[in-house]
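Reckoned from all heavy atoms, side chains included, excluding hydrogens, waters and symmetry mates. Numbered from 1 within each chain, the chains take letters A, B, ... in sequence-line order.
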Amino acid sequence: MQDQDQRGFDHGEIEPRWQREWEEAGTFHIPDDADDPTYVLGMFPYTSGELHMGHVRNYTITDAYARYRKLQGDEVLHPIGWDSFGLPAENAAIERDTNPRDWTLSCIETMREQMQAMGFGYDWEREIATCDPEYFRWNQWLFQQFHDAGLVHREASEVNWCPDCETVLADEQVEGDDEHCWRCGTPVETRELDQWFWGITEYADELADDLEELDGWPDNVRQMQENWIGRQPGARLEFQVSDNGPVEVFTTRIDTIYGATFFALAPGHAISQALAEEDDEIRHFVEEEADPEGDEPNGVRTDLTATNPATGEEIPVFVADFVLSDVGTGALMGVPGHDDRDHAFASDQGVDIVPVVAPSPEEVPDVSEAAYTDDGVLVNSGDYSGTESAAAREELTRDIASATDHVQYRLRDWGISRQRYWGTPIPVVECPDCGPVMVPDEELPVELPEFVQTTGNPLDEATEWKRTTCPDCGGDAERETDTMDTFVDSSWYFLRYVSPDDADAPFDVERANEWMPVDQYVGGIEHAVMHLLYSRFVTKAIADMELLEHREPFENLVTQGMVLADGEKMSKSKGNGVSPLAIVDEFGADTARLFTMQAARPPRDFDWSETGVQSANGFLQRFHETVEMFRESPPEGDEDAIAAYVAREVDATIAAARESYDDLTFTEALRETRDLVGLLRQYREYTDPHAETFERGLSVAVRLLAPVTPHIAEELWSTLGHDGFVAEASFPEPAGDVSDAERERQLVENTREDVRNIVDVAGIEDPEQVTIVVAPAWKHRALDIAIESDAPNVIGELMQDEEIRAKGDEAASYGQDLQNERQSLTSALAPDRELAVLEQATWLVEREFGAEVSVVPASEADESVAKKAAPNRPAIRID
RNA sequence: GCGGGAGUGGCCGAGUUUGGCCAAAGGCGGCGGACUUAAGAUCCGCUCACUCAGGUGUUCGUGGGUUCGAAUCCCUCCUCCCGCACCA
């Protein structure tokens with residue numbers, strides 16, 4: 001009972017009621033004929049079955065922004081869906097003796113309810129789920145399209161294999177120095193498997209180049225993608241290796257070729273393998289000793305030699321473990337004088353170290369102890385000596401017969417095959433005669449067979465399902481039993497929202513062209529490379545299939561920080577999680593939303609705190625109470641100076657809040673709004689407020705809060721007597737010009753500060769009368785003249801003004817003050833404005849000191865006080 | 001090693017783009033007061049130091065520099081976080 005009283009409002013009643021009302025009114029539905037709506041999107045959740053605080057934060061950010069844009073008059077597309085394929089559902093199904101589909105659908109039910117309880121304003125009519133055949137058939141369709149465009153290939157390759165998930169992983173899905181699975185943390189092994197690949201490397205250059213233009217993205221994400229793509233311009237060239245003919249190497253430093261004094265092969269290189277067959281020492285090294293993970297460069301010398309194509313010299317050939325099969329060509333030229341690692345190796349093996357690049361021709365570096373790795377001028381390099389590194393690279397690439405420009409990338413093609421059940425079947429039929437054949441369009445979707453528990457690949461066990469006929473020759477054939485990486489599902493889902501029910505195409509092309517790209521995308525940093533890179537690639541590939549006019553999917557990106565508990569990541573395993581449901585239950589969704597939004601700007605981490613939640617809730621209580629009191633006993637005060645002050649503050653708050661919502665910081669908007677509510681309460685406590693002014697303040701505060709705390713805002717909006725939803729209202733506009741608002745606030749604040757200082761420093765016990773004296777007009781004019789003037793001494797200039805000159809000594813003295821502060825002068829409000837602003841603020845001083853306060857122009861004040869008044873700084877007399 | 005980000009008062013955290021009322025918002029914590037039987041909640045004030053009329057001094061990782069003026073611009077160094085890395 002008492003709880004209820006204290007609470008002031010019953011969130012348990014209010015929140016579901018408004019959620020129902022929005023739903024019934026279709027408030028957040030956006031029609032298909034909407035004209036280029038603002039597209040606001042949060043990364044759709046994986047269907048784990050429960051919402052966690054990270055979700056709450058993510059989706060509150062998008063919801064608040066979407067609601068804000070709506071208040072600004074935009075049409076807003078704010079959809080949600082479910083990333084609902086994936087291994088955890090298989091595990092969960094096995095644990096619970098059900099199947100992944102039923103499990104996933106029940107997770108979706110639960111999560112949808114939780115989201116609705118949070119009051120997120122989604123267009124639920126556009127909801128999608130990737131495990132829906134009507135969705136994943138378009139994954140299959142894209143697979144075909146990509147295949148036709150030459151972007152799909154199959155090859156046997158060494159792949160990352162997670163023994164726990166029993167499936168392969170893309171390179172992007174292997175994390176950390178210890179190479180563990182991104183999903184379960186199990187150390188990854190390698191296996192040789194036939195895999196389907198999507199040709200993301202075809203787009204490597206464009207993916208790298210376009211990062212430059214993504215200035216709506218955070219720097220760190222762009223950087224991470226750049227690193228991942230790992231573009232290295234250099235050259236390929238051949239070395240003749242004895243008995244083996246030409247062997248190709250890649251180098252970024254062909255300018256150092258005259259210093260290439262050894263040649264090295266990866267243990268996995270064909271020549272190394274062949275040598276190992278015959279030579280015990282080499283076999284021992286390749287099979288036993290080689291340690292690509294180790295810090296020490298190890299190697300073994302072979303009997304072979306290679307011919308340095310620049311010098312013609314025969315140089316020794318090594319098999320070395322620091323040469324990696326999958327980097328470059330698996331062979332390299334060693335230049336110990338100019339590469340740290342080559343230097344270490346050469347020192348160890350007693351290979352010659354020759355300097356061929358120098359800071360200048362006169363100062364050839366001593367490379368016996370350490371390599372010189374900078375660019376410079378070539379030395380000891382035959383005809384090229386004296387040439388700058390950059391120019392030498394061009395010339396040498398041109399002059400050496402086998403050399404060609406070559407750009408190397410770290411990025412590899414995207415292996416999308418997964419040996420799991422709960423994913424999109426790869427739409428291929430394996431025909432003994434025709435090989436792999438695409439399933440024709442009209443047979444899509446290839447649906448999943450019934451789930452059976454097995455070790456190994458579940459689809460491989462589905463013998464009935466597997467058996468089919470070849471689309472080409474009609475003979476007996478088998479279906480491909482791998483499914484697609486679930487990142488395929490999420491690589492284009494943002495397009496599906498445009499036309500979620502389209503049965504003829506993945507998306508409506510015309511509408512997508514109009515609605516895309518996503519204007520504001522919000523999600524976790526963990527997808528900086530994987531999801532965001534795949535989505536960019538797929539978007540570009542689709543664009544090249546002339547299905548889309550946009551080449552980038554996400555115009556602006558915010559990566560949200562983590563929600564921490566006691567400085568640590570919230571997680572089940574640490575047992576420090578805070579359940580959103582429990583918070584909603586105890587305090588309501590609005591409180592949870594308000595707290596997460598005011599705690600920190602979206603990109604930063606923040607610590608969950610109980611006091612923070614309570615203070616957010618406390619604020620909503622007070623706000624509610626303030627509105628209730630207004631309704632119950634409407635004030636009848638005058639439209640006096642105080643009302644004018646409050647009205648100005650309302651305007652200033654609107655301006656500040658708008659800015660904060662625009663740049664998605666939120667914290668500032670919420671702080672300003674809190675301050676405004678606090679001011680209104682002070683106003684009411686101090687005097688009987690002017691009803692209209694007070695009402696406007698309340699209605700502004702309600703609208704400023706509406707994006708973040710929508711339920712209580714609706715409630716109060718209707719309490720204030722407005723028809724319709726606040727969700728569909730207009731963002732408030734300042735009533736007056738707010739360009740001076742900051743300066744006015746400053747003047748009031750400074751003046752109050754000064755009064756405090758004087759009272760304090762002078763030790764005035766009980767001030768009775770505070771007189772604030774505003775500077776005369778001539779001082780304002782003098783200030784303006786001084787700011788404008790570039791004369792060496794401003795006094796002379798001032799004295800040309802008759803009225804100022806007439807002030808005599810006083811003018812000279814003020815002129816001297818101005819001269820002294822010449823460079824730091826800032827313009828002031830006009831004298832009458834200064835007077836008005838201060839008059840409007842007297843109540844604050846009266847309230848604070850219990851003294852009578854008057855604001856007077858200099859002409860009406862005692863001269864001894866008045867002469868101290870300056871623009872921006874009134875004189876103050878306290879008695 | 002390469003690249004990115006960051007170091008602000010007891011703590012968290014704005015301010016840095018566009019140098020100037022910046023001793024530096026706001027919150028938390030702490031202190032004092034009002035209200036209360038009390039606690040809580042709420043409200044008011046204080047919270048770098050010195051200072052009896054709005055003053056002064058020392059502060060924004062370190063050390064320099066530019067400027068009339070620097071938390072803000074430039075350089076050095078230190079520390080922390082993140083990504084990439086025996087990458088040819």
Next item on the list: Taking atom C1' in both C35(B) and U42(B), compute the distance separating them and give it to the nearest angstrom.
Entry: 9 Å
Item checked: Closest listed nucleotide, where the reference is the side chain of Lys868(A) and the choices are C84(B), A88(B), A53(B) -> A53(B)
Check: Using the P atom in both, what is the distance from U79(B) to U66(B), to the nearest Å?
Finding: 28 Å
Margin query: Within the 4.0 Å limit for protein heavy atoms, which parts of nucleotides 4-10 of chain B are touched? Write it as a string from 5' to 3', B for base, S for sugar-phosphate only, - for none.
Written below: SS-----
Next item on the list: On the 0 to 90° scale, with breaks at 30° and 60°, tag the Phe263(A)-Phe239(A) ring pair as parallel, tilted or perpendicular.
Entry: tilted
Note to self: Distance check, P atoms only: G64(B) and C77(B), in whole angstrom units.
What the structure shows: 15 Å
Check: Residues two or more places apart in sequence or in another chain: which of them pass ring-ring contact (aromatic ring centres under 6.0 Å, His included) with His527(A)?
Finding: His531(A)
Next item on the list: Measure from the side-chain heavy atoms of Thr251(A) and tell me the nearest of C21(B), A88(B), C84(B).
Entry: A88(B)
Item checked: For atom CG of Asp663(A) and atom C1' of G15(B), their distance in whole Å -> 14 Å
Next item on the list: Could you tell me which residues satisfy side chain to side chain contact (heavy atoms under 4.5 Å, CB included) with Asp879(A), sequence neighbours excluded, listed by chain and number?
Entry: Gln769(A), Arg877(A)
Note to self: Any residue in residues 321-333 of chain A with a heavy atom nearer than 4.0 angstrom to RNA chain B? Just list them by number, or reply none.
What the structure shows: Asp321(A), Phe322(A), Val323(A), Leu324(A), Val327(A), Gly328(A), Leu332(A)
Item checked: Pairing string, 5' to 3', for RNA chain B - Watson-Crick or wobble contacts under 3.5 Å, brackets [ ] where pairs cross, | to another strand -> ((((((((.[[[..)....(.....]]]((((((.......))))))(((....)))...[.[[[..)....]]].])))))))....
Notebook entry, point to check: If you round to the nearest 0.5 Å, how far is CG of Leu237(A) from CZ of Phe250(A)?
Noted result: 10.5 Å
Checklist line | Separation of the P atoms in U17(B) and C74(B), to the nearest angstrom | finding: 9 Å
Expected rows: protein N/O vs nucleotides 70-72 of chain B N/O, under 3.5 Å:
none

Notebook entry, point to check: Taking C-beta and beyond as the side chain, do Thr252(A) and Pro233(A) meet within less than 4.5 Å on heavy atoms?
Noted result: no
Item checked: side-chain hydrogen bond (donor to acceptor under 3.5 Å, both in side chains) against Gln819(A), all qualifying residues, sequence neighbours excluded -> Arg822(A)
Notebook entry, point to check: Got a sec, which residues hit side-chain hydrogen bond (donor to acceptor under 3.5 Å, both in side chains) with Gln408(A), two or more places apart in sequence or on another chain?
Noted result: none
Checklist line | Sugar-phosphate only, base, or nothing, as touched by Arg222(A) at under 4.0 Å among non-hydrogen atoms | finding: nothing
Next item on the list: Among the candidates G55(B), A88(B), A14(B), find the nucleotide nearest to the side-chain atoms of Thr252(A).
Entry: A88(B)
Next item on the list: Please work out which of the three classes, parallel, tilted or perpendicular, describes the rings of Phe345(A) and Phe262(A), given edges at 30° and 60°.
Entry: tilted
Margin query: G15(B), OP1 or OP2 - any side-chain N/O from Arg601(A) closer than 4.0 Å?
Written below: yes
Item checked: Atom pair CD/CG of Glu248(A) and Leu332(A) - distance to nearest 0.5 Å -> 13.0 Å
Note to self: Under a plain distance cut-off of 3.5 Å, with no hydrogens placed, do Asn308(A) and Tyr258(A) share a side-chain donor-acceptor pair?
What the structure shows: no
Check: With respect to the phosphate group of C21(B), does any side-chain polar atom (N or O) of Arg743(A) fall under 4.0 Å of OP1 or OP2?
Finding: no
Note to self: Taking donor-acceptor contacts at under 3.5 Å, does the side chain of Arg671(A) reach the base of A25(B)?
What the structure shows: yes
Item checked: For atom CZ of Arg393(A) and atom P of A88(B), their distance in whole Å -> 12 Å
Checklist line | Among C21(B), A53(B), C84(B), the nucleotide that comes nearest once only the side chain of Ile758(A) is considered | finding: A53(B)
Checklist line | Which nucleotide in C84(B), C22(B), A88(B) has an atom nearest any side-chain atom of Gln746(A) | finding: C22(B)
Margin query: Under 4.0 Å, counting only non-hydrogen atoms across every strand here, what does Pro874(A) touch: a base, just sugar-phosphate, or nothing?
Written below: base
Item checked: Distance between C1' atoms of A70(B) and C60(B) (Å, rounded) -> 11 Å
Check: Does Arg622(A) have a side-chain nitrogen or oxygen under 4.0 Å from the phosphate oxygens OP1 or OP2 of C43(B)?
Finding: yes
Notebook entry, point to check: Sequence neighbours excluded, which residues qualify as ring-ring contact (aromatic ring centres under 6.0 Å, His included) partners of Phe666(A)?
Noted result: Tyr661(A)
Check: What string of B, S and - do you get for nucleotides 45-52 of chain B 5' to 3' if you count protein non-hydrogen atoms under 4.0 Å?
Finding: -S-----B
Note to self: Does Asp675(A) reach a base, just sugar-phosphate, or nothing at all? Heavy atoms under 4.0 Å.
What the structure shows: nothing
Checklist line | Nucleotide A88(B), atom P - distance to CD of Glu248(A) in whole Å | finding: 16 Å
Margin query: Regarding Arg681(A) and Thr626(A), do their side chains bring together a donor and an acceptor under 3.5 Å, going by distance alone?
Written below: yes
Notebook entry, point to check: Roughly how far apart, to the nearest Å, are A23(B) and U72(B) at atom P?
Noted result: 14 Å
Margin query: The criterion is side chain to side chain contact (heavy atoms under 4.5 Å, CB included); which residues satisfy it with Ala861(A), sequence neighbours excluded?
Written below: Val773(A), Val856(A), Ala866(A)
Check: With side chains defined as the heavy atoms from C-beta onward, is the minimum distance between Leu207(A) and Gln225(A) less than 4.5 Å?
Finding: no
Item checked: From CG (Leu838(A)) to CZ (Arg833(A)), nearest 0.5 Å -> 10.0 Å
Item checked: Nearest-Å distance once atom C1' is located in both A41(B) and U59(B) -> 37 Å
Checklist line | Proximal nucleotide (of G54(B), C43(B), C22(B)) relative to the Asp754(A) side chain | finding: G54(B)
Next item on the list: Select base, sugar-phosphate, or nothing to describe what Asp879(A) touches, counting heavy atoms under 4.0 Å on all strands.
Entry: nothing
Next item on the list: Taking only the side-chain heavy atoms of Arg410(A) (C-beta and beyond), determine which of A85(B), U42(B), A88(B) contains the nearest atom.
Entry: A85(B)
Checklist line | Side chain of Thr611(A) (C-beta onward), nearest among G83(B), G29(B), U42(B) | finding: G29(B)
Next item on the list: May I ask you to say what Ala320(A) touches in the nucleic acid, namely base, sugar-phosphate or nothing, with a heavy-atom cut-off under 4.0 Å?
Entry: nothing
Notebook entry, point to check: At what distance, to the nearest 0.5 angstrom, does CG of Asp342(A) lie from CZ of Phe322(A)?
Noted result: 5.0 Å
Margin query: Over 60° means perpendicular and under 30° means parallel, so tell me whether His624(A) and Phe9(A) are parallel, tilted or perpendicular.
Written below: tilted
Check: Nearest-Å distance, CD (Gln614(A)) to P (G27(B))?
Finding: 17 Å
Note to self: I'd like the P distance from C80(B) over to A85(B), given in whole Å.
What the structure shows: 22 Å
Checklist line | Set of ring-ring contact (aromatic ring centres under 6.0 Å, His included) partners for Tyr686(A), sequence neighbours left out | finding: Trp843(A)
Next item on the list: Mind checking Asn757(A) for me? I need base, sugar-phosphate or nothing, with any heavy atom below 4.0 Å counting as a touch.
Entry: sugar-phosphate
Notebook entry, point to check: Can you find a side-chain donor-acceptor pair between Thr665(A) and Asp663(A) that sits under 3.5 Å?
Noted result: yes
Next item on the list: Between G83(B), C43(B), C87(B), spot the one nearest the side chain of Gln408(A), thanks.
Entry: C87(B)
